[in-house]
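What you are looking at is a predicted structure, and each value in this text was computed from that prediction instead of being measured. FYI, the numbering just counts along the sequence from 1.
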Amino acid sequence: MKKWFAAALFVLAVGYTAYGLTTQSLFTSSGRPAAGFFPLVIGLLLIVSCAVNLWTDVREWLSEHAAGIAHIHQVDTASEGTAEAMGLDTEALDGGPEFGRDVGIVFAYLCGFVAILKITGALLAMILFMLVFLFTFNRSHLVSNVIYSLALPGFLYWLFKILLNASLPKGPLGF
């Protein structure tokens, strides 16, 4: 499962970079960096990091396959000790094949976020995404979920729209 997830992330990183390069220009007419410069830098960093991760996962899978060893999911001992000291459940630590459902849920939420981004606007889409995400994976903390769902998108809106004057999709309410 790890190698397929890493491969999917690598393909997405390549697609993101290609989309950024084909839809936006890298430089303005005066030679200054334009809107396409940011996706290029981020895309190249994503490609490199995803390629390294994919290579590591494939190499691990090949060595296990060649040795005839079935992969047994094991938790890092340092992480397990830290989690136990903090009173956390160590059974759910470090993912594993049993979390495929959660990966699917997160992927569906991200697709939904992208789908409603231009309809509702950036701020409202971010707030809705955070609310749905937090209430799915952190049900017991009602107040903190609402605070995080308002504070993080509010900060990101302030940073990108107001401070950096970046264009974000506007919703029906004008923001």
Side-chain angles (χ1 to χ4, degrees), residues 1-28 31-118 122 125-126 128-130 132-134 136-138 148 152-153 155-156 159-160 164 166-169:
M1 175 77 174
K2 271 179 27 174
K3 65 184 176 299
W4 297 115
F5 185 70
L9 288 178
F10 178 74
V11 169
L12 284 173
V14 170
Y16 169 81
T17 307
Y19 179 77
L21 286 173
T22 58
T23 59
Q24 298 177 353
S25 60
L26 290 176
F27 297 101
T28 63
R32 295 181 56 160
F37 194 75
F38 181 75
L40 175 66
V41 171
I42 298 300
L44 290 176
L45 290 173
L46 280 172
I47 288 172
V48 168
S49 63
C50 289
V52 168
N53 188 35
L54 178 60
W55 173 251
T56 303
D57 290 344
V58 168
R59 196 174 61 189
E60 176 185 323
W61 177 76
L62 287 173
S63 66
E64 288 173 357
H65 189 67
I69 301 171
H71 178 69
I72 299 172
H73 183 72
Q74 295 178 341
V75 177
D76 177 35
T77 54
S79 299
E80 186 175 25
T82 304
E84 285 178 0
M86 295 173 63
L88 300 174
D89 178 24
T90 59
E91 293 298 318
L93 196 62
D94 200 27
E98 63 273 13
F99 291 101
R101 179 179 165 268
D102 292 345
V103 171
I105 290 170
V106 171
F107 183 75
Y109 287 171
L110 287 171
C111 290
F113 171 72
V114 171
I116 68 169
L117 191 60
K118 289 198 176 199
M126 287 188 286
L128 291 173
F129 172 77
M130 291 284 298
V132 170
F133 182 85
L134 288 174
T136 300
F137 294 107
N138 194 22
Y148 290 137
L152 181 63
F155 171 75
L156 291 173
L159 175 68
F160 286 104
L164 297 174
S167 90
L168 296 174

Quick check: closest heavy atoms across [X] and [Y], and the distance to 0.1 Å?
| X | Y | answer |
| --- | --- | --- |
| Ala7 | Leu54 | N-CD1, 3.6 Å |
| Asn53 | Ala6 | ND2-CB, 3.9 Å |
| Cys50 | Ala13 | SG-CB, 4.3 Å |
| Leu117 | Ala122 | CD1-CA, 3.7 Å |

inquiry  = If you apply the rule ring-ring contact (aromatic ring centres under 6.0 Å, His included), what do you find for Phe133 with Phe137, and how did you get there?
reply    = CA-CA 6 Å; Phe133 182 85; Phe137 294 107; 5.1 Å; yes
message = Suppose the criterion is salt bridge (charged side-chain N to carboxylate O under 4.0 Å, His left out): which pairs have a residue in residues 38-59, not counting sequence neighbours?
response =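 For residues 38-59, and leaving out neighbouring residues, the salt bridge (charged side-chain N to carboxylate O under 4.0 Å, His left out) pairs sorted by first residue read Lys2-Asp57.
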To the nearest 0.5 Å, tell me how far [X] [atom1] sits from [Y] [atom2].
| X | Y | atom1 | atom2 | value |
| --- | --- | --- | --- | --- |
| Leu134 | Phe129 | CG | CZ | 8.5 Å |
| Leu40 | Ile47 | CG | CD1 | 9.0 Å |
| Phe5 | Phe10 | CZ | CZ | 15.0 Å |
| Leu128 | Met130 | CG | CE | 11.5 Å |

message = Could you tell me if the side chain of Thr136 sits less than 4.5 Å from the side chain of Tyr109, heavy atoms only?
response =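 They are in contact (side-chain heavy atoms under 4.5 Å apart), so the answer is yes.
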ask   = Do Met126 and Phe113 come close enough that some side-chain heavy atom pair is under 4.5 Å?
value = yes
key: Among Thr17, Thr23, Leu21, the one residue meeting side chain to side chain contact (heavy atoms under 4.5 Å, CB included) with Tyr19   =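 In the set Thr17, Thr23, Leu21, the residue that makes a side chain to side chain contact (heavy atoms under 4.5 Å, CB included) with Tyr19 is Thr23.
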